[in-house]
K.L.:
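A single structure is presented below for examination.
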Amino acid sequence: MSSVLIRPARTSDVPFILSLIGRYSPERRMLRKEVITIYEDIQEFVIAEIDSEPVGYGALHVLWEDLAEVRSVAVKPDLRRTGVGRAVVSHLLKKAQSLGIRRVFCLTFEVDFFSSFGFKPADGPIVDHDIYLEMLKSEDEGVAEFLDLDRVKPNTLGNARMLLLLPES
């Protein structure tokens, strides 16, 4: 297999992103997202390519001063377990560090995969009460999922909430 190149996503990548969401969401391996949400968040995404062909992606969403979420990581089915997803997440964690992020959250069905990066189950509150109250003002569904709000429970049933503490750079 050729090496994996990670690059920023472009608006022309939205059909590819949607194709994998369409592939994995019926299996409940991934949450559905509206097309408008992908366009609004495209600057958060990176695309994994092999030989100039998109093969995977992921996004980093900043939630607070020192907290971000790795979200929407997906790889073409025939390339799962080949290192593509690992390359995407490694890139996103480096990006988080470069932004000064110390804690990275994920909501995932792929517990073993994220555990291999050092993510641990997140039980209880991850932010203090004042920050929680500020985050409640967000209209982002991912923030609602992070806060574990009742209105998003049907979307997140069975997902693991995980947290990684990054070393200081």
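Nothing fancy with the numbering, it's 1 onward along the sequence.
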K.L.:
Within a strict 4.5 Å, meaning less than it, do heavy atoms of the Val4 and Thr82 side chains meet?
P.N.:
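No, side chains not in contact.
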
K.L.:
Give a yes or no on whether Val73 and Leu79 share a hydrophobic cluster (residues Ile, Leu, Val, Met, Phe, Trp, Tyr; joining criterion: side-chain heavy atoms under 4.5 Å apart).
P.N.:
yes

K.L.:
Only pairs under 3.5 Å count here: list side-chain donor-acceptor contacts from residues 85-92, not counting sequence neighbours, and write none if there are none.
P.N.:
residue: Arg86; atom: NH2; partner: Ser116; partner atom: OG; Å: 2.5
residue: Ser90; atom: OG; partner: Arg86; partner atom: O; Å: 2.9

K.L.:
Given side chains that start at C-beta, do those of Ser115 and Met162 come closer than 4.5 Å, heavy atoms only?
P.N.:
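Side-chain contact under 4.5 Å: yes.
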
K.L.:
Would the number of heavy atoms belonging to other residues, nucleotides or ligands and lying under 6.0 Å from CD of Glu40 be above 12?
P.N.:
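Result for CD/Glu40: enclosed.
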
K.L.:
I'd like to know if Leu5 and Phe45 are part of one continuous hydrophobic network [Ile/Leu/Val/Met/Phe/Trp/Tyr, side-chain heavy atoms within less than 4.5 Å].
P.N.:
no

K.L.:
Is there side-chain contact between Met30 and Ser72, with heavy atoms separated by less than 4.5 Å?
P.N.:
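In short, these two side chains touch, coming nearer than 4.5 Å.
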
K.L.:
Return the set of residues passing salt bridge (Lys or Arg N to Asp or Glu O under 4.0 Å) with Glu110 (not counting sequence neighbours), or none when no residue passes.
P.N.:
Arg29, Arg80

K.L.:
By side chain to side chain donor-acceptor pair (under 3.5 Å), which residues pair with Arg23, not counting sequence neighbours?
P.N.:
Glu27

K.L.:
I want to check something: taking the side chain as every heavy atom from C-beta on, are Glu53 and Phe16 in contact at a cut-off of under 4.5 Å?
P.N.:
no

K.L.:
Can you name the closest pair of heavy atoms from Arg161 and Phe105 and give their distance?
P.N.:
CB-CE1, 4.0 Å

K.L.:
Restricting to salt bridge (Lys or Arg N to Asp or Glu O under 4.0 Å), what partner residues turn up for Glu65, sequence neighbours left out?
P.N.:
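By the salt bridge (Lys or Arg N to Asp or Glu O under 4.0 Å) rule, Glu65 matches no residue at all.
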
K.L.:
Answer whether the closest heavy-atom distance between the side chains of Glu44 and Leu60 falls below 4.5 Å.
P.N.:
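With C-beta onward as the side chain, the pair stays apart.
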
K.L.:
Under the side-chain contact (heavy atoms from CB on, under 4.5 Å) rule, what do Asp41 and Arg71 come out as? Steps first, then yes or no, please.
P.N.:
CA-CA 11 Å; Asp41 297 340; Arg71 56 169 64 165; 4.2 Å; yes

K.L.:
Among residues at least two apart in sequence or on other chains, which ones pass side chain to side chain contact (heavy atoms under 4.5 Å, CB included) with Thr11?
P.N.:
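So Thr11 forms a side chain to side chain contact (heavy atoms under 4.5 Å, CB included) with Tyr39, Ile42.
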
K.L.:
Do Pro167 and Gln97 have side chains that approach each other closer than 4.5 Å (heavy atoms only, starting at C-beta)?
P.N.:
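They are in side-chain contact.
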
K.L.:
In the single-linkage hydrophobic clustering (I, L, V, M, F, W, Y; side-chain heavy atoms under 4.5 Å), do Leu166 and Val70 co-cluster?
P.N.:
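Same cluster: Leu166 reaches Val70 through Ile, Leu, Val, Met, Phe, Trp or Tyr contacts under 4.5 Å.
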
K.L.:
How about Leu93 and Phe119: do any of their side-chain heavy atoms sit closer than 4.5 Å?
P.N.:
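They are in contact (side-chain heavy atoms under 4.5 Å apart), so the answer is yes.
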
K.L.:
Minimum heavy-atom separation for Ser12 to Pro15, with atom names?
P.N.:
O-CD, 3.4 Å

K.L.:
Locate the shortest heavy-atom distance separating Pro54 from Lys76; write the atom from each residue and the value.
P.N.:
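Heavy atoms of Pro54 and Lys76 come nearest at O-CD, 3.6 Å.
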
K.L.:
Do you know the tightest heavy-atom contact between Leu164 and Phe117?
P.N.:
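Nearest heavy atoms, Leu164 then Phe117: CD1-O, 3.5 Å.
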
K.L.:
Calculate, to the nearest 0.5 Å, the distance between atoms CG and CD belonging to Leu163 and Glu69 respectively.
P.N.:
11.0 Å

K.L.:
Give the cluster check for Phe114 versus Ile101: same hydrophobic cluster or not, with ILVMFWY residues linked at side-chain heavy-atom distances below 4.5 Å.
P.N.:
yes

K.L.:
Residues in side chain to side chain contact (heavy atoms under 4.5 Å, CB included) with Arg7, at least two apart?
P.N.:
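Arg7 satisfies side chain to side chain contact (heavy atoms under 4.5 Å, CB included) with Arg10, Asp13, Ile47, Glu49 only.
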
K.L.:
Just wondering, do Tyr57 and Ile21 contact through their side chains at under 4.5 Å, heavy atoms?
P.N.:
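A side-chain contact under 4.5 Å exists here.
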
K.L.:
Identify whether Val46 and Leu20 are in the same connected component of the hydrophobic contact network (ILVMFWY, side-chain heavy atoms under 4.5 Å).
P.N.:
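Different clusters: Val46 never reaches Leu20 through Ile, Leu, Val, Met, Phe, Trp or Tyr contacts under 4.5 Å.
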
